[in-house]
Amino acid sequence: MTNQEIIRLVDVSKTFDDTPVLNNINLYIRRNEFVTLLGPSGCGKTTTLRIIGGFEDPTTGKVLFEGQDITDVPPYKRKVNTVFQKYALFPHMNVAENIAFGLNIKKMDKKLIKEKVENMLNLVNLKGFENRSVDSLSGGQQQRVAIARALVNEPDVLLLDEPLGALDLKLRKGMQIELKNIQKKLGITFIYVTHDQEEALTMSDTIVVMNEGVIQQIGTPIDIYNEPKNAFVADFIGESNIIDGVMIEDYMVEFANYRFKCLDSGFDPNEKVDVVVRPEDVKLVPKGQGMIEGRVLSVLFKGVHYEMLVQSNGIKWLVHSTLMEPVDSIVGINILPDDIHIMKKVR
Amino acid sequence: MKKGWIAYPYVVWLIMFIFVPLLLIVFYSVIKTTDQGIVFTLEHFQRFFEPIYIMVLLRSLYLALISTVICLLLGYPLAMILASKDYRHKRVLLLLVVIPMWMNFLLRTYAWLTLLEKNGVINSFISFLGLPKMELLYNQGAVVLGMVYNFLPFMVLPIYSVLIKIDKSIIEAAEDLGANSRVVFRKVIFPLSLPGVVSGITMVYMPAVTTFVISRLLGGGQFTLIGNLIEQQFLYTGEWGFGSALSLIMMILILFSMAIMSKYEKENEGGGLF
Ligand SMILES: Nc1ncnc2c1ncn2[C@@H]1O[C@H](COP(=O)(O)OP(=O)(O)O)[C@@H](O)[C@H]1O
Ligand SMILES: [Mg+2]
């Protein structure tokens, strides 16, 4: 991966009829990077993508492409191609004609077009589908035609808006791997939109977590999972226990009526904070051996682990463990300093 | 189908008001009454092939064609304006297209009479400006104008209804792949709107070929169209045989062109107004 920057959003904001949708988005994307915009539905992911594609003008701010301001460049002149959320295939054209659309507009040699279309069909595993009508295809196949139609133009950047959203789970997993392989093989920058955190974690080089039109955190999947910057990110990336706490002093936080050692410092004395603990980091130990004690409220078997709710000093802990504790039993709870994430309160 | 009986009233209706009259027309077209009584004859059909009647048919087809082309040229852009999201006053415009259809057909056509007359509104205005009065009525132009005015909504609405169904993201996809607005129109919007165009053409051309009111009022009887000819046979000359033969010829022509159109529509898939 090179570090060459290809796209940059500078102070991009967008309002629709006085409703702010994007708020001061600053973001740069490097060549050959797989970047995912991740956030709940309605947080402005699609709008961000459409601004990069040129289908929406930012209310304020700029879009740079290789350092050039392209804010006012229409979509058909941008070196960016899009895979639309609902594929948007041309219903009056067959598979080959759909894929060849962009090349035909460039008035490329017919033989070359045919060759490229064939290569693309191979790449997306649709060999022999040239003359099929697009509405005779399954969702997964249509989706691959949409990807081929965009990729055949050899764009510098490919924008994908929840491309796997309409597929069933199994197909989705398969396509995730295929897409990632294609991206590696062709060395194209992917900007990928999803609300599925698992998808984002498995596919991305960089994840941009968004909420209500504001970027919450930018980082590698590992960073984002292990070091969420705030309670929203922690909650959105996997399940979490988010508890009100008080920072007693550096490296000491109090919650659940107990003072825990932690690795965080630099807060005001007695500052109120959000404490985030992953369910798998809440360790259950026999009664009497834990830092605090609680009573098991419920147990659910989840395949690999058990999911338990443990009540302790007014807090309901979500616990993932491979060992089961029976309902109503009293257990000890340990949380290691490493597993306690302290977040500044947002309000 | 078990509930076949539901169809009975319709079947009875079809037999009484469509099938029987049709049979009667066929019957009248191939008989004549002579001293020997009723005899079979093809002379009504033969008569049609006299140059004067062929001319009437050709004129009907020609004027209908001109009107249809004008309706298409006016109607397509109008349908596009109506279908575009950004246009603010589209509801008003759509209403303006539809409202004349709520008014009586004769009334609408009479209205043009008062506009185009020798001493009508337009000529009064022209002479007010000090220009010589013009012959606006009783020529082919007036007939075509009447047809275009009356049938334009039938062109606009089917095209409009197809255009609004085109998914916006398909147009964006075309732009995304490098198509400017001209190419988007040529390669995406127009091909996708063809079913609407086809049903628009059908809905304008058919009534335009067979109209007799417009040509009588605005053509002043000087432009006999096939519709007028048929009307004359039944109402004035009493030659039901010839009138029936003409009707049948017309019907066959219409069926023929409908078959061509529907074949074309099927190839393009997607629905028009029907
Ligand atoms: N064209 C539009 N007009 C008005 N509001 C819009 C438009 N597009 C999106 N929005 C609003 O902007 C917000 C963000 O939308 P979107 O970018 O589609 O979110 P996401 O893709 O993250 O689900 C939503 O509240 C949506 O209702
Ligand atoms: Mg979206």
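As a basis for the values below, the full set of heavy atoms in this structure was taken, side chains included, without hydrogen atoms, waters or symmetry mates. Every chain is numbered from 1 and lettered A, B, ... according to where its sequence line falls, protein lines coming before strand lines. Everything quoted here is computed from the prediction, not taken from an experiment.
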Is it the case that atom [atom1] in [X] sees more than 12 heavy atoms from other parts of the structure closer than 6.0 Å?
X	atom1	value
M101(B)	CE	yes
E212(A)	CD	no
Y62(B)	OH	no
K180(A)	NZ	yes
F16(A)	CZ	yes

Of the non-hydrogen atoms in A88(A) and A173(B), which two are nearest, and what is the gap between them? O-CB, 3.7 Å
Show the nearest heavy-atom pair for residues L177(B) and N81(A), with the distance to one decimal. CD2-ND2, 3.8 Å
Gap between atom [atom2] of [Y] and atom [atom1] of [X] - 0.5 Å precision:
X	Y	atom1	atom2	value
D176(B)	L159(A)	CG	CG	7.0 Å
K187(B)	H92(A)	NZ	NE2	9.0 Å
I171(B)	F90(A)	CD1	CZ	10.0 Å
Y76(A)	E172(B)	OH	CD	15.0 Å

Residue part contacting chain A, namely of N180(B), when any heavy atom lies under 4.5 Å: both
Identify which part of V183(B) has an atom lying under 4.5 Å from any heavy atom of chain A, answering side chain, backbone, both or neither. side chain
Report which part of V83(A) has an atom under 4.5 Å of a heavy atom belonging to chain B: side chain, backbone, both, or neither. neither
Any residues in residues 101-127 of chain A near chain B, with a heavy-atom distance under 4.5 Å, and which are they? F101(A), G102(A), N104(A), I105(A)
Which of residues 35-60 of chain A get closer than 4.5 angstrom to chain B, counting heavy atoms alone? R50(A), F55(A)
